Amino acid sequence: MKKRIIGCCVLAAIMTLFIYVCFAGLTVGSFNIPPKLGLYTDGAGIRRGLDLDGGASITFEPVIDDSYEGDVDADLSSVVEVMRKRLTNLGYTEANVYRTGDIGVTVEIPGISSPEDAIDVLGQTAELSFITSDGEIVLTGKDIVSASAGYDSQDNSFLVMMKISSAAVDRFSEATLRMSTQPSNKNYIAIVLDETEIARPYVKTQINDTECVITTSTQEQAVEYAAVISAGALPFSLEAIEQRSIGPTLGDGALESSLIAALLGIIVVIVLMITLYRLPGVVSGVALVFYVSIVGLVCAVFKINLSLPGIAGVILSIGMAVDANVIIFERIKEELVAGKSTAGAVASGFDKALLAIIDSNITTVIAAVVLMIFGKGTIQGFAVTLLIGVICSMFTAVVVTKYLLRSLVVFGVKNPVLYGLSRKKAALRSLAAKTNGGNENE
């Protein structure tokens, strides 16, 4: 009993702290979570998308000299892929990068009011490196002549056909010979863009030619790797021809109205849960508020982009959290009707509902991961918030709700009516228990 009281006090203190930080913020040294999670401030906390906060737009065009003999269209497609990947690595998952006109590339970055700051974020030409498992840089973007996606009909596999300069052949030959003799977990040469590993091809044999191939598992991978590698050898620089600030596409009040709608939805759900399940409904309401604070803090600490699709991901995961509680509470009611004690019904209800909850959430996690990998812009933002929400909802539904309900039983709150059983069924249950000489609340 004493340990349970201490545990409940600790849990209550953690919940209170989380909720307080969500509204009042927290500053410890260089670590900072702004008030209201930074939703209404700039430079910290949750990043708002273009639809909620606006941002900066820059249009680039290539500077091509007379010696250029390449394919402008293919090279600009590589530029789009590299810029998008660079912004994603920097945390701007909902930035837009797209072709405009014949030779233009437009970049839209949310949360940045100054176009000059946006250019600083994008930086200079991407740094591409091929690095062995022991840390040696074998090739750079300057050593790449070309790279294109292809298909090997004999092996039924997709690949990247890469050509390097003759000056780099000896260096590459020595490195591939050394890597091919390494153990299975060390025989690779990683492809790194801006200090982020893009791929890790394994070396099967020495390569002493200007041409080589990288095998991939899908066509999409082959196209992506070819674009990234080609961008490291772009034969032209980019010039910003247009810079401008863009306002929020949904208006200044979109965020406030969305959050108010979400708050009203949460309140309605909590009231409905209390009406249907009584005491467990109260517990689920507490866990739901705790869940919202956890999601908010995770998004603030990791500066997750939040647009309307992102908010939709959070709301959807709230529904899944409530759905998990409904499954659990219905199982508890079934166990009570079957004649189990309140403590036994609570324990059995969670055990029987656990597998169904895990199965339903795992399928959602898989869908979110797929959207994160293959989605772009706001789709990726939706996937990130959905994934965070699902993981947090599983924790609050399975761990927090279970601990609080079992604590109530330990504290002597065992009346089946308080756990959602109707008075008529509770009376019949009590009568059956007395007939059998037992106590239904034990």
Side-chain angles (χ1 to χ4, degrees), residues 30-31 75 78-93 95 97 120-150 152 157-218 220-235 237-238 301-303 369 372-373 380:
S30 59
F31 178 78
D75 287 338
S78 299
V79 169
V80 170
E81 188 64 32
V82 169
M83 284 188 171
R84 183 180 290 122
K85 190 171 294 294
R86 175 191 287 270
L87 290 168
T88 299
N89 293 338
L90 292 173
Y92 294 95
T93 55
V97 185
D120 291 338
V121 167
L122 285 171
Q124 302 301 317
T125 304
E127 295 182 5
L128 180 73
S129 303
F130 287 69
I131 305 176
T132 62
S133 60
D134 53 16
E136 179 188 355
I137 299 178
V138 181
L139 302 175
T140 65
K142 296 178 180 180
D143 299 314
I144 307 299
V145 175
S146 64
S148 60
D152 188 341
S157 62
F158 298 97
L159 45 85
V160 177
M161 297 172 288
M162 187 175 75
K163 185 175 182 180
I164 64 175
S165 64
S166 56
V169 169
D170 291 342
R171 194 183 338 133
F172 194 55
S173 174
E174 188 276 330
T176 52
L177 174 62
R178 190 171 75 254
M179 289 299 104
S180 65
T181 60
Q182 296 296 311
S184 58
N185 62 334
K186 295 288 186 180
N187 62 333
Y188 65 85
I189 296 179
I191 303 173
V192 179
L193 179 68
D194 291 336
E195 301 182 357
T196 299
E197 185 175 301
I198 303 301
R200 183 179 286 189
Y202 288 91
V203 181
K204 296 180 180 180
T205 185
Q206 181 183 17
I207 301 172
N208 53 9
D209 195 1
T210 58
E211 297 181 353
C212 66
V213 296
I214 301 172
T215 304
T216 64
S217 55
T218 65
E220 290 77 11
Q221 267 190 346
V223 172
E224 176 187 358
Y225 295 166
V228 171
I229 295 171
S230 296
L234 287 180
S237 59
L238 295 172
V301 170
F302 293 99
K303 297 186 177 181
V369 171
M372 285 177 59
I373 295 174
Q380 194 173 56

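Position 1 is the first residue of the sequence; numbering continues from there. Since we're looking at a predicted model, the values are computed, not measured. Values below: every heavy atom of this structure, side chains too, minus hydrogens, waters and symmetry copies.
E136 contributes no side-chain N or O that, together with a main-chain N or O of T132, makes up a donor-acceptor pair within less than 3.5 Å. T176 contributes a side-chain N or O that, together with a main-chain N or O of F172, makes up a donor-acceptor pair within less than 3.5 Å.
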### Task
Kindly indicate, with the supporting measurements, whether the criterion side-chain contact (heavy atoms from CB on, under 4.5 Å) is fulfilled by V138 and E174.
CA-CA 9 Å; V138 181; E174 188 276 330; over 6 Å; no

#### Entry: Full working for side-chain contact (heavy atoms from CB on, under 4.5 Å) between I229 and I214
CA-CA 11 Å; I229 295 171; I214 301 172; 4.1 Å; yes

### Task
Just do the side-chain contact (heavy atoms from CB on, under 4.5 Å) check on D134 and Q182 with the steps written out, would you?
CA-CA 10 Å; D134 53 16; Q182 296 296 311; over 6 Å; no

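A search for side chain to side chain donor-acceptor pair (under 3.5 Å) contacts involving T216 returns nothing, not counting sequence neighbours.
The distance from atom CZ of F158 to atom CG of D152, rounded to the nearest 0.5 Å, is 10.5 Å. Put simply, CD1 on I191 and CZ on R200 are 11.5 Å apart, with the number rounded to the nearest 0.5 Å. The distance from the CZ atom of F130 to the CE atom of M162 is 4.0 Å, given to the nearest 0.5 Å. Here the straight-line distance linking atom CE of M161 with atom OG of S148 works out to 3.5 Å at 0.5 Å rounding. For the atom pair C212 SG and L159 CG, the distance stands at 10.5 Å (nearest 0.5 Å). The OG atom of S129 sits 11.0 Å away from atom CD1 of I198, with the distance rounded to the nearest 0.5 Å.
For M372 against Q380, the heavy-atom pair with the smallest separation is O-NE2, 2.7 Å. Annotation for A149 and A226: closest pair N-CB, 3.7 Å, computed over non-hydrogen atoms. Between E211 and K163, the closest heavy-atom pair is CG-CG, 4.1 Å. Pairing each heavy atom of N208 with each of S173, the nearest pair is CB-OG, 3.5 Å. Of all heavy-atom pairs spanning M179 and S133, the tightest one is SD-OG, 3.4 Å.
No side-chain heavy atom of V160 sits less than 4.5 Å from a side-chain heavy atom of Q221. By the 4.5 Å heavy-atom criterion applied to side chains, I144 and I164 are counted as neighbours.
Residue-environment remark: CD1 (I137) stays at or below the threshold of 12 foreign heavy atoms within 6.0 Å.
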